[in-house]
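Structure first, then comments.
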Amino acid sequence: MPVSKVGTQWFAVDGKDQPTGAPLDIELGYETYGDASAPPLLLCNGVSMQCVLFGAEFLTALAAAGPYYVIVYDSRDTGLSTKIEAAGD
């Protein structure tokens, strides 16, 4: 079963937490599949793509095949991620 979240979280290859921060106040919606103690596998999607387009069946199978801790995210301005209405200064 996927875990859906919205927030700022960093995933490190070495499994250790990285410093967090949101200098632009942008949050990304993301989902995780599999055991969090397994090696992480981050799937990067195309511009303006939501993570749901990968498909839960595929992501669940991918997590089990490794096993991996699969992480997918909504690109900025899509899905559950922050929408930017106007350009900055």
Side-chain angles (χ1 to χ4, degrees):
M1 179 60 93
V3 177
S4 297
K5 301 177 183 177
V6 175
T8 303
Q9 184 170 348
W10 297 93
F11 297 94
V13 174
D14 63 5
K16 297 177 182 174
D17 290 338
Q18 297 293 309
T20 61
L24 301 175
D25 293 325
I26 295 174
E27 294 186 329
L28 297 179
Y30 62 96
E31 293 182 354
T32 59
Y33 294 77
D35 182 357
S37 66
L41 178 61
L42 175 64
L43 299 184
C44 298
N45 45 27
V47 174
S48 73
M49 182 178 163
Q50 291 180 283
C51 65
V52 297
L53 295 177
F54 282 110
E57 186 175 333
F58 167 72
L59 295 169
T60 300
L62 186 60
Y68 297 111
Y69 183 52
V70 178
I71 306 155
V72 294
Y73 62 92
D74 289 335
S75 294
R76 189 198 69 193
D77 291 323
T78 65
L80 299 175
S81 293
T82 300
K83 286 22 169 218
I84 297 177
E85 302 297 329
D89 295 330

For A38 and P67, work out which heavy atoms get closest and say how close.
CB-O, 3.8 Å
Please report the C-alpha distance between Y69 and D35 in whole Å, then the side-chain angles of each, then the deciding distance to 0.1 Å, and finally whether the side chain to side chain contact (heavy atoms under 4.5 Å, CB included) criterion is met.
CA-CA 5 Å; Y69 183 52; D35 182 357; 5.9 Å; no
If the condition is side chain to side chain contact (heavy atoms under 4.5 Å, CB included), which residues does L43 pass it with, not counting sequence neighbours?
L41, F54, F58, L59, L62, V70, V72
Heavy-atom closest contact (D74 atom, Q50 atom, distance)
OD1-CA, 3.3 Å
Mind jotting down which residue pairs meet the side chain to side chain donor-acceptor pair (under 3.5 Å) criterion with at least one end in residues 38-47? Sequence neighbours excluded, please.
N45-S75
Is the shortest side-chain heavy-atom distance between Y33 and I71 below 4.5 Å?
no
